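The block underneath contains the structure these notes are about, expressed in structure tokens.
Source: prediction; values computed, not measured. We're numbering straight along the sequence, starting at 1. Both ligands and their constituent atoms are indexed starting at 1 by order of listing.
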Amino acid sequence: MDTILEIRDLSVHYYADRETVQAVNGLNLSLTRGATLGLVGETGAGKTTTALSILKMIQEPQGRIVSGRILFEGRDVLTMDRAEIVELRGKEVSMIFQDPMTSLNPLLTVGEQIAETVRKHDRVSKAEAASRARAMLETVGIPGGRAEDYPHQFSGGMKQRVVIAIALACSPKLLLADEPTTALDVTIQAQVLEMMRSLKEKFVTSTILITHDLGIVAEMCDQVATMYAGEVVEYGTVKDVFDTPKHPYTLGLFESLPSLDEDRDRLRPITGLMPDPTRLPPGCPFHPRCPRAMEICSRLSPEPVRLNGHLVKCHLYGKKEG
Ligand code: SF4
């Protein structure tokens, strides 16, 4: 299979008040060209930091990629120089952020903002860029005539469509979508997700979709990675992971969802909180919350093993001592 992105042993730290926040810890992932990978997990799991790393957007000196390789079409993003990174961002890899208001410039019309992205990467005239901006607006379901309007003249859902139009303006090969519908009403969420799905098919864009919503993963993704405390703890196709989830954290995420098939009086949330990333516990970082924790879990980090076609990082499976 053709792999568009491969992340190997990525670790990212942030530094604050003489403390080190271990945001991402030895993460490994790969994405097949044309596929959509869902990154799921609670807030603080390291999902957004992973996406920012792919664009080499970790701000130094507050943050630093301390180890790892990020291979985009075989080229290591982390060793690219400034000119290569500028070319990569927007043209080959684009990102959609959660809140459309922070992504749009309130002082420019939406048409100008789309056209600006086009002109940054493609050598076209102003008139051609403006015409492509209008066409892109129409692709995301907004009349081209509204290119002259400013962001405040659009509703939340329309603004997120504009953000998606900017992200797709140069037909990137990889789209990073960070909770793209979380700030929207439920009905608008469904419309925006449906639009993203049809655009992905139209432009054959590979996508990493960051979400905490397993329902969205089921609808939109081919592959899924569960993240916990900066690590991928379970990873495989959506079918394999959803049919036979193995990691106690993934199982906990499923159990905390309402079910139409099962008669449950109460939801079963995962007890406790994500560990403080400045003081990660030794061994498996999930052990203080894990209902199946064993003695070994608090002292030895589990190695990933392949089970039912997908990867699981848990001492319940595979080698018990090391
Ligand atoms: Fe639970 Fe141990 Fe597996 Fe971690 S390694 S998820 S603590 S059983």
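- Side-chain polar atoms of Ser11 and Asn25 form no donor-acceptor pair below 3.5 angstrom.
- No hydrogens or angles considered: a donor-acceptor pair under 3.5 Å links the side chains of Thr36 and Lys200.
- Excluding waters, the protein N/O/S atoms found under 2.8 Å from atom 3 (Fe) of ligand 1 are Cys314 SG.
- Using a 4.0 Å cut-off between charged side-chain N and carboxylate O, Glu234 and Lys313 make no salt bridge.
- Between Tyr317 and Arg306, the side chains place no donor N or O within less than 3.5 Å of an acceptor N or O (distance only, hydrogens not considered).
- Side-chain contact of Thr109 with Glu148: a donor-acceptor pair under 3.5 Å is absent, judged by distance alone.
- Among Val140, Ile142, Val163, the single residue meeting the side-chain contact (heavy atoms from CB on, under 4.5 Å) criterion with Met158 is Ile142.
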